[in-house]
Every structure is written in C-alpha cells, then in structure tokens.
Student: 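Just passing along the structure, written as structure tokens.
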Amino acid sequence: MSDPLHHECGVAAIRLLKPLSYFVDKYGSPEWAFNKLFLLMEKQHNRGQDGAGIGCVKLDMPLGEPYVFRARNATSSALSDIFSAQQRNLRTLRENGSWDMQDADVYKKHFNFGGEILMGHLRYGTSGQFDEGSCHPFLRRTNWTTRTLMLLGNFNMTNAAELNRTLIERGQHPIFDTDTQAVLEEIGYYLDEAHTDIYRELRDNTPGRIIPSVISRRLDLYDIIGKASQDWDGGYCVMGAVGNGDFFCLRDPHGIRPCHYVLTDEYLAIASERVPLMSVMGVECEDVHELERANMIVVKSDGKITIAPYTTPLEPTPCSFEAIYFSRGNDPIIYQERKQLGANLAEKVVECLGDENFSKAAITYIPNTAEVSYYGLLEGLRAYRRDRVTAAVIENFHNGTLTDDLIRELIQRRWPRAEKIAHKDIKLRTFISEESSRKQLAAQVYDLTYGAVGNDEVLIAIDDSIVRGTTLRVSLLRLLARSKARKIVILSSAPQIRYPDCYGIDMSELGKFIAFQAAVSLLKKRGDYAYITRVYDECRHQLTLPPAQRSNPVKSIYSPFSAEEITDEISRLVTPDNSPCEVQVIYQTLEGLHSAIEGPCGDWYFSGNYPTPGGFTTANVAFINWYEGRDGRSYSLPV
C-alpha cells in the first residue's frame, strides 16, 4: 500500500484444556503455551506496531498467591522486548538452581506467565494516547477473583462518549482515555452486579471459604456480556478472563472484525487471522473455524466450553479491507480473493492500452501488499490474450489465411510483460514513521529498476488501494517517471475510498481522501459552493436526529458525477507538477469488489452504507469537521 494506514489490531490467546504437566510429558516443556502465544503474535505483527501486551491468568492458585499478570510495552520493538524480558526471567529462574523449571508446578508458581490462560494483543491505536498505559490488556483488580477482570481486543466503539456518559450517570468516575476503558468498566459493572447478587444470596447460610467457588460456578458470562454490550456500536473482537479462570471471546453482531479459532481436546487457540493458527498450531485450513457474528466462546474455570450467541446476529458485513490489504496474503481464501481483484481490472487495462498494444507495456506492482493482486492481473491479461489468439487462429483457419508467419506472430508477440520496477525499503519506512519526517524523506522509501521500461512504453503499476494519494503525488509517481515511460497507469485493486471508517481503521478525516478532494474540486469548478453548504446544513441536521434515524448526506457530494469523472479528476490531482509523462488512475468497481470477495462484504468506506448508526454519525461529523476546517478523528472519547 502506497498510503500507510494505521489499522486493525491483532489478538491471540491460548487456553489450555489439560494440566501443564500434560504438555511437559507430551511436548517436553511447560513453556509450550507461552511459546505458541509469542508465535501467534509474531505472525500477526503486520496488525500492530504501536505497542503490544500479554496477560496471564493462573487457575486454582493457593490463597495468598498472585494469579493474574500482564506486561505491556509501547516501543517500536514492543513484541520482542516483552518476550525477551520474559525469557530473561525464565533464564534467571533456571540458573537459580534450587527450582526445577521443567516441573509444571514449579514453573506455574514462579513464572508470571506460566498459567493456563494466555492472551496477547498487538496495537494500532485508533483512539486514546500512544503510550504503555493505552496498550492492552486492561486490568480491573479486586481482592475477589470473581470480580477481577482482564480485557483486550481488536475494536473501535463509535459511541464511546455515550458509554462514558452511562458510567457517569451510574455514579462512576471513568477515565476518558480509550474506548477499551469504557468497555472494561461496562463489563466490570455487570460482573460486579452478578457477583453481588450471588454473594448476598449465600452470605448468611454458606461458609465464607466456600462462597468464591459457588460464585465461580454460577457466573453466567453470556448474561453479563449480553447486558454489557447492548449499547455498543462498533466493530469488535473482544476477549478477556475473569480472575476465577473463566475465559471468553466474542465477535460483534455484524462480524466486522475478524476472529478465528482452533479447538482440540488439548487447547483452545484464538487469533485474528486464519493462517497464523494453521502455521503455529500445525493444523489444516478446515481445522480453523471462524467465530460467527454475535457469538461468544466461553471456557469456564472447570474447562467446560460453550459457543453460542450472546446477542442477536445482524446483517453480516465483515471488513473487506481484510481481503484487500490487512490480512496476510498467504491465507488460502484471501490469496484467491486478492488475485481475483487484480484479474477484475484486466478489462480496464485492455481498454486503456488498446487490443494490440501489449508489446508496448510493462506491468508491475507497488510493493508489497499489492503483489498477489498483481499476479491476478497478469493471469487476467494472459487469459484475455489467449482468447484473442485462439479466436484469430480459428478465424484465419476458416478463411484459409492461416500461415506459419501469422501463427508465430500471434503466439510470440503482444503478450503482457511483467517487470519488477519499484522496490520498497522496509527499514526506511520504519525509520520515517513519524509524520513530521515523512514528507521530507518519503521520496526515498521506494527505489527503481532503471532501464527496464522504454520511452515509447506504458508503465502499468497496481496498488492495493489509494486512500489519500499523498505518496503517489510526492514520491511514487516522481520515481516511476524516471523510468522514462511515455505514460504511467496506476491501478487500484480497491474502489474509490469515499467515506470515513470508524470500526478500527484509522481513516476518519474525510478531507484527506483523494476521492473526496476530487469530487469537491469538480463541484467548485462548476461554482456549486451553495451545494456544498447545503450538504453541510443537512449533516448538521442529521446530528439532531436520534442515532438510529441518521443517514449519509455526504453521498450527495459524489452523486452529480460518474465514477469515471471522479477518477479523471483524481488522475489530475495526483499528477506531480512538471510531470514528464501522462498519468492515469484506474479504480476497481464496487461490483468488481463484491464479485472477488467470498461471502458477505462490508463496503461502507466505498459505498457509504454503514452497518451501524455510529457509522452514519461518523460520516456526518467528518463532513462537518472538514467544512469547518477542523482536523482530527470523526469519533471522540469524551462526553
């Protein structure tokens, strides 16, 4: 992706269903689960680089012994720092000499993360501060195991302000830091209520030492989460553990955020993506299950497992950016979807080049996430060319004009030519991740293969998406122009990004989208300033309505124009000043996106059709912010 996005966090968990001694006997080490957690997180490192955190709950710890632990880090090397520190702790314990760290009981007692429940989180921040205190897991401590709660997740709540207001109206004192804090306190409130109800029932006729175990058995997480989540508006995969050892993992009612799991008689393993589970746990694709929308996995402290709805399922709208960009491309389903996204652009490339112009074109991709769609594009172009050659051979055969020279001409020439033109310096991208330095050094993120394109050729480069167009204009197009091509064509495997996201992708500032800039530019060329103001007035009116009644008047900004007109204006806007060659941008169609994605497809950032009321609110606020000249995210935390 040429325009970097902060996006969707990653989650991972291991819940052992056998005693630690079982894993020592079978796998030779009590560290089996701890190592698996690290690998699950490492293979999802693409999902979060702002920070990381891990948590552990130990089952059946003796009174007086700690049972819940966490470690968090907000440095650029957070994941390796956390696990390196814990490995040093283990090494120190082994070198102590008085403890046998291969003994499961000793390992559990002395190593903080030697428990049966392990959870991990990789953070890309879309709310709150970027410091260790904002890293998951969040922890709510009490001296009751059945009221202690640890929580983490991949989510963004659009109505965090309302959730905070609810807490205040109960008399609580929430901290306006992240939506995670609001979710933690909401679940904690209902957990406290359930705990207290059972305690009051038992306290007069049950010995005190027995009460915790009775409360533990009777806690109903489906009831607790069902009540806590009834006002949540957003996309989420949330997991947590109660101090007594009850573990849970839930997915939002629309299935916006991803969640996958593997369940055996030895363990439950959970991750945001499918492939890390396949690779780390050594299982096949069919062994990895997708947690259904509105469903929750609960593992009680005694190991009893249930998977059932905690609320009513709603229309499925899983985030299509998982297929386009976020998830690892080696997922067997996503790999085919990305290839099809590329193949769906073949017809537009043919229209751009003309039927017989393949011999004067070089096809490449913008590294690195567009590589798979690039292969699909090549397959689509080659399929088109094969069909043309076959038709020409048959026609000339029937006409009696098929000659050896013509066969050679048809078979050997005018095939799409693949080249590796752009190269990405990953280390440099990391080095200039600070916004203040990005503009100054952005031109050096990519490098060029010189001499691979002729000055009479067209260079076609596919990218997975074009969000802001900034990197195209500032860096990539200037670099690609040095190839001496007579024309540069940039393909986007995603449609035009027209509307803000509020469910976990950090792209909520409408005025930064190149498609929005193009539509506004066309309106201003027409002199339709009053039209823009009318949209602004309607957005303000929308915010006076109840959330469930709100709609998306921002669609009106685009409706006067065809997609082609907006794309042509985008081509003009991203073309650098004094460009030595023509630049053309081509986008995927919305229909092409849906035909490539297997199953339901959430497309609100392309279509403006949001699955929740909070999405429509975000769109209206984003337009108002743009019109009034305010920067910042279109969803806010304070009341």
Student: Quick one about Tyr67 and Thr148 (side-chain donor to acceptor, distance below 3.5 Å, no hydrogens or angles considered), yes or no?
Tutor: yes
Student: OG1 of Thr145 to CE of Met61: how many Å apart, nearest 0.5 Å?
Tutor: 12.5 Å
Student: Within the supplied structure, the quantity of interest is the number of heavy atoms (other residues, nucleotides, ligands) at a distance under 6.0 Å from Glu284 CD; does it exceed 12?
Tutor: no
Student: Among residues at least two apart in sequence or on other chains, which ones pass side chain to side chain donor-acceptor pair (under 3.5 Å) with Asp246?
Tutor: Asn244, Lys300
Student: Would you say the side chains of Asp81 and Ser77 form a donor-acceptor pair under 3.5 Å?
Tutor: yes
Student: With heavy-atom distances below 4.5 Å as the criterion, would you say the side chains of Glu116 and Val57 are in contact?
Tutor: no
Student: Please check this pair: side chain of Ser272 against backbone of Pro258, looking for a donor-acceptor N/O pair closer than 3.5 Å.
Tutor: no
Student: Side chains of Tyr310 and Pro253: does their closest heavy-atom pair fall under 4.5 Å?
Tutor: yes
Student: Set out, in order, the CA-CA distance, both residues' side-chain angles and the distance that settles salt bridge (Lys or Arg N to Asp or Glu O under 4.0 Å) for Glu266 and Lys26, then state yes or no.
Tutor: CA-CA 11 Å; Glu266 295 180 351; Lys26 183 170 181 178; 2.5 Å; yes
Student: With side chain to side chain contact (heavy atoms under 4.5 Å, CB included) as the test, would you mind laying out the steps for Gln230 and Thr311 before giving the verdict?
Tutor: CA-CA 8 Å; Gln230 57 189 337; Thr311 190; over 6 Å; no
Student: Any donor and acceptor pair, going by atom type alone, linking the side chain of Asn156 with main-chain N or O of Cys502 inside 3.5 Å?
Tutor: yes
Student: What's the verdict on salt bridge (Lys or Arg N to Asp or Glu O under 4.0 Å) for Glu322 and Arg274, showing C-alpha distance, side-chain angles and the deciding distance?
Tutor: CA-CA 11 Å; Glu322 287 289 339; Arg274 178 187 295 107; over 6 Å; no
Student: Go through it in stages, so that I can follow the logic: the residues are Phe83 and Ile54, the test is side chain to side chain contact (heavy atoms under 4.5 Å, CB included), and I'd like the CA-CA distance, side-chain angles, deciding distance and then a yes or no.
Tutor: CA-CA 9 Å; Phe83 279 91; Ile54 59 175; 3.9 Å; yes
Student: Under the 3.5 angstrom rule, does the side chain of Asn112 hit a backbone N or O of Arg70 as a donor-acceptor pair?
Tutor: no
Student: What I'd like to find out is whether the side chain of Phe138 reaches to under 4.5 Å of the side chain of Val183, using heavy atoms alone.
Tutor: no
Student: Determine yes or no for a side-chain-to-main-chain donor-acceptor pair under 3.5 angstrom, with Ser465 supplying the side chain and Val467 the backbone.
Tutor: no
Student: Taking the side chain as every heavy atom from C-beta outward, state whether Asp223 and Tyr190 have any pair of such atoms under 4.5 Å apart.
Tutor: no
Student: If we check side chain to side chain donor-acceptor pair (under 3.5 Å) with Tyr503, which of these qualifies: Thr158, Thr612, Asp233?
Tutor: Thr612
Student: Would a distance-only check, ignoring hydrogens and angles, find a side-chain to backbone donor-acceptor pair under 3.5 Å from Glu337 to Ala323?
Tutor: no
Student: Do Phe321 and Tyr605 make the cut of ring centroids closer than 6.0 angstrom?
Tutor: yes
Student: Verify side chain to side chain contact (heavy atoms under 4.5 Å, CB included) between Leu221 and Ile224, making sure each step is shown before the conclusion.
Tutor: CA-CA 5 Å; Leu221 286 175; Ile224 292 167; 4.2 Å; yes
Student: Mind running side chain to side chain contact (heavy atoms under 4.5 Å, CB included) on Ile334 and Arg328 for me, showing each step along the way?
Tutor: CA-CA 8 Å; Ile334 287 175; Arg328 291 162 62 98; over 6 Å; no
Student: How about NZ on Lys43, more than 12 heavy atoms from neighbouring residues, nucleotides or ligands closer than 6.0 Å, or not?
Tutor: no
Student: Spell out, as yes or no, whether a donor-acceptor pair under 3.5 Å connects the side chain of Ser216 to the backbone of Pro212.
Tutor: no
Student: Please report the shortest heavy-atom distance between Arg15 and Gly303, naming the atom on each side.
Tutor: NH2-N, 4.0 Å
Student: Answer yes or no: is there a side-chain heavy-atom contact under 4.5 Å between Leu291 and Leu250?
Tutor: no
Student: Let me confirm one number: the CG-CG distance from Leu268 to Leu263, rounded to the nearest 0.5 Å.
Tutor: 5.5 Å
Student: Do the side chains of Glu185 and Arg140 get close enough for a salt bridge, i.e. N-O under 4.0 angstrom?
Tutor: yes
Student: Taking C-beta and beyond as the side chain, do Asn159 and Thr617 meet within less than 4.5 Å on heavy atoms?
Tutor: no
Student: Please check if atom CD in Gln172 has more than 12 non-hydrogen atoms from other residues, nucleotides or ligands closer than 6.0 Å.
Tutor: yes
Student: What is the minimum heavy-atom distance between Glu292 and Arg251, and which atoms define it?
Tutor: O-CB, 4.0 Å
Student: Using 0.5 Å steps for rounding, measure from the CE atom of Met157 to the CG atom of Asp231.
Tutor: 11.0 Å
Student: Just how far is it from atom CG of Asp252 to atom CZ of Phe155, taken to the nearest 0.5 Å?
Tutor: 11.5 Å
Student: Would the distance check show the side chain of Arg338 and the main-chain N or O of Tyr325 forming a donor-acceptor pair, the cut-off being under 3.5 Å?
Tutor: yes
Student: Can you name the nearest heavy-atom pair linking Arg257 to Cys237, along with the distance?
Tutor: CB-N, 3.9 Å
Student: Just verifying a value: how many Å separate Ile198 CD1 and Thr206 OG1, rounded to the nearest 0.5 Å?
Tutor: 11.5 Å
Student: State, with a plain yes or no, whether a side-chain heavy atom of Met41 is found less than 4.5 Å away from one of Leu122.
Tutor: yes
Student: Arg147 side chain to Thr142 main-chain N or O, any donor-acceptor pair under 3.5 Å?
Tutor: no
Student: Counting only N and O atoms by type, is there a donor-acceptor contact under 3.5 Å from the side chain of Asp501 to the main-chain atoms of Gly504?
Tutor: yes
Student: Taking only Lys NZ, Arg NE, NH1 and NH2, and the carboxylate oxygens of Asp or Glu, determine whether Lys58 and Glu65 approach each other closer than 4.0 Å.
Tutor: no
Student: Name the orientation class of the two ring planes belonging to Tyr199 and Trp144 (parallel below 30°, tilted from 30 to 60°, perpendicular beyond 60°).
Tutor: perpendicular
Student: When rounded to the nearest 0.5 angstrom, what is the spacing between CZ in Phe38 and OG in Ser84?
Tutor: 7.5 Å
Student: Side-chain contact, heavy-atom cut-off 4.5 Å: Leu93 with Val106?
Tutor: no
Student: Assess the side chains of Thr180 and His136: does a donor N or O sit below 3.5 Å from an acceptor N or O?
Tutor: yes
Student: Please give me the minimum heavy-atom distance between His121 and Gly153, naming the atom from each residue.
Tutor: NE2-O, 2.8 Å
Student: After noting the C-alpha distance and the side-chain angles of Asn89 and Thr92, does the key distance pass the side-chain hydrogen bond (donor to acceptor under 3.5 Å, both in side chains) rule?
Tutor: CA-CA 5 Å; Asn89 291 341; Thr92 299; 5.5 Å; no
Student: Assess the pair Phe248 and Tyr222: is the distance between their ring centroids shorter than 6.0 Å?
Tutor: no
Student: Before accepting this row, confirm whether a basic side-chain N of the pair Glu273/Arg47 lies closer than 4.0 Å to the acidic partner's carboxylate O.
Tutor: yes
Student: Where do Cys285 and Pro332 come nearest, in terms of heavy atoms and distance?
Tutor: SG-CG, 3.8 Å
Student: Write down the atom of Phe23, the atom of Lys18, and the distance for their closest heavy-atom approach.
Tutor: CE1-O, 3.5 Å
